[in-house]
Undergrad: 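I am attaching a structure below and will ask some questions about it afterwards.
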Amino acid sequence: MKRLLSLLVVLAPLAVPAQQDSGSYNRALAAFNAGDYNTAAPLFLDVSEGAGDAQTRGKAEYFLAQSFAKKGLPVAAFISYAAIVNAGPSHPSYLKAVEGLVDMQQQLDEQNLIPSILNQAYTDEVRDQWVTLPREVLARINYLVGTVSQRRMRFEEARSLLEAVPKDSRVYAKSRYLLGVVLADPRFPGRPGEGDALDKEALAAFDAALSATEPQVELKATQHLSLIALGRVHYRRGEYAEASAAYERVPRYTRYWDQALFENGFARFQNEDFGGALGSLQALHAPQFAGAFQPESWILKATVYYFSCLYDEVKTTLAAFDEIYGPMAKQLEPFTADDQDLVLAYNLVAAENRRLPRPVYLWLRNNERIREVTRVLERVDAEKRELTSGAWHGTALSRQTVASLEDVRTTLLQVGGTLAKSRLREAADNLRTFSDQAEIIRVQTALDEKDLFQAGVDQKALLTRQSLYRPKMPGAAWNYWKFQGEFWIDEIGYYQYTLKRGCPAKSPESQQP
């Protein structure tokens with residue numbers, strides 16, 4: 001990020017006679033006030049590069065950024081604001097530039113570069129000045145810098161920043177959610193000794209996000225994430241019924257529903273609701289999720305069958321896992337080398353790439369931070385086109401701004417490549433791990449079948465003697481409908497299995513301690 005900041009510094013000033021400073025600045029300001037940003041911006045650039053008076057030069061730099069923002073060029077504006085913030089609190093427009101930078105972050109929804117710039121600038125030296133910023137601007141700064149602290153595992157710092165976001169802020173819900181994530185992290189200082197207290201605070205933070213009301217930034221998505229996070233804390237604490245209840249509150253067909261289905265399968269399994277676990281997985285394996293990358297879901301399904309001693313079903317499930325995910329591991333091998341170029345790694349997900357398995361491609365593409373990089377890169381390219389073909393075509397303003405945009409583009413490609421490379425390696429590691437687990441289940445199943453055979457247990461007869469019953473209805477408004485191989489959209493998510501049990505009953509003697 002230091003490289004980015006250095007790239008944002010304005011080029012060396014040109015010599016302009018001091019007596020011209022005021023006249024040029026006044027003409028630029030008059031054009032700006034009249035809404036003629038095409039005229040104002042080049043004049044502000046001239047003054048910012050050549051004015052002898054620091055006050056005039058500083059105001060011109062700020063109004064150049066303002067001109068970009070008014071013109072609908074938020075990336076160019078953020079570059080100019082960042083240059084002022086990088087200059088430090090001695091700059092005459094310093095606090096206004098901080099506010100402008102936060103505004104551009106909101107407009108762009110940029111989560112990588114601007115939060116890092118604010119994090120570097122938010123030092124003890126300027127803290128007393130920043131508290132004078134508008135209340136909402138400071139709240140957003142605390143949230144954005146808190147996200148950086150959380151990623152860098154500075155958990156106590158993140159906690160302090162996120163707790164400082166007031167309830168009337170539009171990022172309150174997002175701050176409460178992230179605060180809960182920070183407090184629930186197993187690496188938070190004080191665990192495990194203070195684990196119970198930290199968990200209660202985390203649960204309270206998630207509940208606060210769920211109780212937040214509009215207007216909020218991305219409220220619904222934040223609340224869905226809070227439900228999943230709530231379920232994870234309960235799951236880790238062994239409170240499986242509470243975990244399942246949280247996962248089931250995630251609305252059907254929303255962005256995070258497939259993740260909630262998957263994790264609910266684990267919660268139900270741990271709660272010994274094997275039929276419920278398979279029901280969650282049945283929904284997850286519906287055609288609507290055919291492109292999902294969920295290798296562990298098949299391992300869970302095989303595990304549920306294994307604990308029910310339904311060995312034929314175990315083998316069928318593992319065969320399906322091998323068929324779906326076996327070829328993917330080989331396909332990923334060329335893309336997981338340590339020396340892979342970052343730009344090439346990002347380009348794998350920048351557009352549909354048929355060299356990658358489609359579920360892996362979609363999994364990469366849907367990563368929140370990679371999506372943000374892609375979106376901002378598209379904005380950068382759009383601004384470059386406008387600068388090279390619009391009213392400023394061929395001007396010094398166009399050339400310098402396009403060069404700065406290209407620097408930002410290069411940095412974003414590096415960020416996106418790092419994220420894509422890490423995600424690709426994670427996908428390959430997951431496939432290897434779950435393939436190993438599948439082999440362990442396969443071997444253990446064969447051993448258990450052998451034990452039953454040697455013990456003279458007729459498992460088929462044991463299963464034949466058992467009956468399957470309808471699952472318990474949740475309420476009077478519910479109807480039972482037997483699944484017959486077709487996935488109806490209004491049924492997905494409501495499946496419940498009933499299982500026979502292929503394990504022979506243990507004799508009283510075998511249960512003695």
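For the single chain, residues carry numbers from 1 onward in sequence order.
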Undergrad: Give me the atom names and distance for the closest heavy-atom approach of R399 to G394.
TA: NH1-O, 2.8 Å

Undergrad: Tell me whether R191 is salt-bridged to D199, with the criterion being a basic N under 4.0 Å from an acidic carboxylate O.
TA: yes

Undergrad: Report yes if some heavy atom in the side chain of Y143 is under 4.5 Å from a heavy atom in the side chain of L162; otherwise report no.
TA: yes

Undergrad: Could you report the tightest heavy-atom contact between N264 and S280, atom names first, then the distance?
TA: ND2-OG, 3.5 Å

Undergrad: Taking all non-hydrogen atoms of both residues, which atom of V47 and which atom of R57 are closest, and how far apart?
TA: O-CG, 4.1 Å

Undergrad: Return yes if some donor-acceptor pair links the side-chain N/O of K70 with the main-chain N/O of D36 below 3.5 Å, else return no.
TA: no

Undergrad: If you measure from CZ on R249 to CG on L227, what distance do you get to the nearest 0.5 Å?
TA: 5.0 Å

Undergrad: Please report the closest heavy-atom contact between V380 and L405, naming both atoms and the distance.
TA: CG1-O, 3.6 Å

Undergrad: Please assess Q216 against Q223 for the test side-chain contact (heavy atoms from CB on, under 4.5 Å), listing each intermediate value before the final yes or no.
TA: CA-CA 11 Å; Q216 289 285 311; Q223 290 178 329; over 6 Å; no

Undergrad: Is the shortest heavy-atom distance from the side chain of F78 to the side chain of Q107 under 4.5 Å?
TA: no

Undergrad: Working to the nearest 0.5 angstrom, can you tell me the gap between M104 CE and Q106 CD?
TA: 9.0 Å

Undergrad: Taking it one step at a time, do F335 and R355 satisfy side-chain contact (heavy atoms from CB on, under 4.5 Å)?
TA: CA-CA 10 Å; F335 308 113; R355 293 186 296 162; 3.7 Å; yes

Undergrad: Which heavy atom in L43 sits nearest to a heavy atom in A28, and how many Å separate them?
TA: CB-CB, 3.5 Å

Undergrad: Do the non-hydrogen side-chain atoms of R237 and E242 ever get within less than 4.5 Å of each other?
TA: no

Undergrad: Between L424 and L356, is any pair of side-chain heavy atoms under 4.5 Å apart?
TA: yes

Undergrad: I want to check a possible cation-pi pair here: R127 against Y122, using under 6.0 Å from ring centre and within 45° of the ring axis as the test.
TA: yes

Undergrad: Would a distance-only check, ignoring hydrogens and angles, find a side-chain to backbone donor-acceptor pair under 3.5 Å from S422 to L419?
TA: no

Undergrad: Look at the side chain of N366 and the backbone N and O of L362, then say whether any donor-acceptor pair between them is shorter than 3.5 Å.
TA: yes

Undergrad: Can you confirm whether K384 is buried at NZ, in the sense that more than 12 heavy atoms of other residues, nucleotides or ligands lie under 6.0 Å from that atom?
TA: yes

Undergrad: Verify the neighbour count for atom CD of E214: are there more than 12 heavy atoms of other residues, nucleotides or ligands below 6.0 Å?
TA: yes

Undergrad: Answer yes or no: is there an ion pair linking R176 with D207, defined by an N-O contact shorter than 4.0 Å?
TA: no

Undergrad: If you define the side chain from C-beta out and look only at heavy atoms, does anything of R151 sit under 4.5 Å from R369?
TA: yes

Undergrad: Is it true that a side-chain atom of S160 and a backbone atom of E157 form a donor plus acceptor pair closer than 3.5 Å?
TA: no

Undergrad: Are E110 and P115 close enough that some pair of their side-chain heavy atoms sits under 4.5 Å apart?
TA: yes

Undergrad: Taking all non-hydrogen atoms of both residues, which atom of E372 and which atom of D109 are closest, and how far apart?
TA: CG-O, 4.1 Å

Undergrad: Among Y247, F262, Y240, find the residue that satisfies the ring pair (Phe, Tyr, Trp, His ring centres under 6.0 Å) test when tested with Y235.
TA: Y240

Undergrad: Under 3.5 Å, is there a donor-acceptor pair between the S24 and R27 side chains?
TA: yes

Undergrad: Look at the rings of W130 and Y94 and say which category their plane angle falls in: under 30° parallel, 30 to 60° tilted, over 60° perpendicular.
TA: tilted

Undergrad: Would you mind checking if K71 and E383 are paired as a salt bridge, meaning a charged N to carboxylate O distance below 4.0 Å?
TA: no

Undergrad: With sequence neighbours excluded, tell me which residues meet ring-ring contact (aromatic ring centres under 6.0 Å, His included) with W363.
TA: F293

Undergrad: Start with the C-alpha gap between R365 and I370, add the side-chain angles, then the distance that decides, and say whether side-chain contact (heavy atoms from CB on, under 4.5 Å) holds.
TA: CA-CA 7 Å; R365 183 80 174 176; I370 291 177; 5.9 Å; no

Undergrad: Under the side-chain contact (heavy atoms from CB on, under 4.5 Å) rule, what do V217 and R140 come out as? Steps first, then yes or no, please.
TA: CA-CA 11 Å; V217 176; R140 289 177 182 271; 3.9 Å; yes

Undergrad: Can you name the side chain to side chain contact (heavy atoms under 4.5 Å, CB included) partners of A292, sequence neighbours left out?
TA: F289, Q294

Undergrad: Given E368, which partner from the list R255, R375, R423 fulfils the salt bridge (charged side-chain N to carboxylate O under 4.0 Å, His left out) test?
TA: R255

Undergrad: Please examine the side chains of Q259 and V250, heavy atoms only from C-beta on, and report whether any two atoms are closer than 4.5 Å.
TA: no

Undergrad: Are any side-chain N or O atoms of T411 and backbone N or O atoms of D407, one a donor and one an acceptor, separated by less than 3.5 Å?
TA: yes

Undergrad: Is it the case that the side chains of E49 and Q400 hold a donor-acceptor pair, with the cut-off being a distance below 3.5 Å and no angle test?
TA: yes

Undergrad: Hey, does the side chain of T401 reach the backbone of S398 with a donor-acceptor pair shorter than 3.5 angstrom?
TA: no

Undergrad: Passes salt bridge (Lys or Arg N to Asp or Glu O under 4.0 Å), R170 versus E136? Steps please.
TA: CA-CA 8 Å; R170 294 189 64 190; E136 180 63 14; 5.8 Å; no

Undergrad: Is there a donor-acceptor pair under 3.5 Å between the side chain of T433 and the backbone N or O of N430?
TA: no

Undergrad: Only one of I141, L138, V171 passes side-chain contact (heavy atoms from CB on, under 4.5 Å) with V165; say which it is.
TA: V171

Undergrad: Would you say that V343 contacts Q414 through its side chain, given a criterion of any heavy-atom pair below 4.5 Å between the two side chains?
TA: yes

Undergrad: Mark yes or no for whether T395, through its side chain, and W392, through its backbone, hold a donor-acceptor pair below 3.5 Å.
TA: yes

